[in-house]
Amino acid sequence: MSPTKPSNNYQRIYATVRRVPEGKVATYGQIAVLADLPGHARQVGYALNALNDDTVPWHRIINAQGRVSQRSEPGWDGYQRSRLEAEGIVFSDRGVIDLKRFRWQG
DNA sequence: AGCCTGACTCGGA
DNA sequence: CTCCGAGCCAGGC
């Protein structure tokens, strides 16, 4: 068995993100843990950034504060929020999601 | 090979 | 509530 396989981690992250059901959200750290990569929350965000696949619901991934992370390119944060609201996710005035309510329990 | 950056998170001030 | 520093890994130059 190979001890470590970098590219394999990305596939595991994508597979985990695909498990997130509609109307629910997950944090980067949560995805990392579910993908069997605890502590690699950054890699999750990085993997999604490099992602170019519509089959992965990357818009359901937010930070641990329940807020949509600001992307490199402006405008996409608004797109992500719109997608989530379309699925029933509710944002507060500050743009914060109630994780207790919408967090996906893997 | 080395250095810098980035969709993160946590604890402390 | 906000701000700062440290730890983490992958990719580009």
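Note: hydrogens, waters and symmetry copies are ignored here, and every other heavy atom, side chains too, is used. Chain A is the first sequence line, chain B the second, and so forth, proteins listed ahead of strands; every chain is numbered from 1.
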Visitor: Given atom CD1 of A:Ile31 and atom P of C:dC9, what is their separation to the nearest angstrom?
Guide: 19 Å

Visitor: Whole-Å distance between B:dG6 C1' and A:Tyr10 OH?
Guide: 10 Å

Visitor: More than 12 non-hydrogen atoms from neighbouring residues, nucleotides or ligands closer than 6.0 Å to CD on A:Glu85, yes or no?
Guide: yes

Visitor: Taking the six-membered ring of A:Tyr28 as reference, does the cationic atom of A:Arg42 (NZ for Lys, CZ for Arg) lie under 6.0 Å from its centre and within 45° of its axis?
Guide: no

Visitor: What is the distance, rounded to the nearest whole Å, between atom CD of A:Gln43 and atom P of C:dC9?
Guide: 7 Å

Visitor: How close or far is atom P of C:dC9 from atom CG of A:Asn9, stated in whole angstroms?
Guide: 10 Å

Visitor: Rounded to the nearest Å, what distance is computed from the CZ atom of residue A:Arg12 to the C1' atom of nucleotide C:dC9?
Guide: 14 Å

Visitor: I'd like to know if the side chain of A:Gln30 reaches the main chain of A:Trp104, judged simply by a donor and an acceptor atom lying under 3.5 Å from each other, with no hydrogens or angles considered.
Guide: yes

Visitor: Please determine whether side chain to side chain donor-acceptor pair (under 3.5 Å) holds for the pair A:Tyr79 and A:Arg83, giving the CA-CA distance in whole Å, both sets of side-chain angles, and the decisive distance to 0.1 Å.
Guide: CA-CA 6 Å; A:Tyr79 166 77; A:Arg83 278 301 296 267; 3.2 Å; yes

Visitor: Under 3.5 Å, is there a donor-acceptor pair between the side chain of A:Gln80 and the main chain of A:His59?
Guide: yes

Visitor: With heavy atoms under 4.0 Å as the rule, sort A:Trp58 into base, sugar-phosphate or nothing.
Guide: base

Visitor: What does the list of N/O pairs under 3.5 Å between the protein and nucleotides 9-13 of chain B look like, with a distance for each?
Guide:
residue, atom, partner, partner atom, Å
B:dT9, OP1, A:Ala64, N, 2.6
B:dT9, OP2, A:Ala64, N, 2.9

Visitor: Counting distance only, does the side-chain N/O of A:Lys24 pair as donor-acceptor with the main-chain N or O of A:Arg101 below 3.5 Å?
Guide: yes

Visitor: Taking atom C1' of C:dA10 as reference, at what distance in whole Å does atom CG of A:Leu37 sit?
Guide: 13 Å

Visitor: Rounding to a whole Å, what distance do you find between A:Asp77:CG and B:dC8:P?
Guide: 12 Å

Visitor: Is any side-chain heavy atom of A:Ser92 less than 4.5 Å from a side-chain heavy atom of A:Asp98?
Guide: no

Visitor: Write out a two-atom table: protein N or O, nucleotide N or O from nucleotides 1-3 of chain C, distance below 3.5 Å.
Guide:
none

Visitor: Nearest 0.5 Å, what's the CD-CG distance between A:Gln43 and A:Leu37?
Guide: 8.5 Å

Visitor: Taking CD1 from A:Ile61 and P from B:dG6, how many angstroms apart are they, rounded to a whole number?
Guide: 21 Å

Visitor: Would you mind telling me which residue lines up with the more 5' stretch of DNA chain C, A:Gly39 or A:Tyr46, judged by nearest nucleotide?
Guide: A:Gly39

Visitor: Say you draw a straight line from CZ of A:Arg71 to CG of A:Asp77; how long is it, rounded to the nearest 0.5 Å?
Guide: 9.5 Å

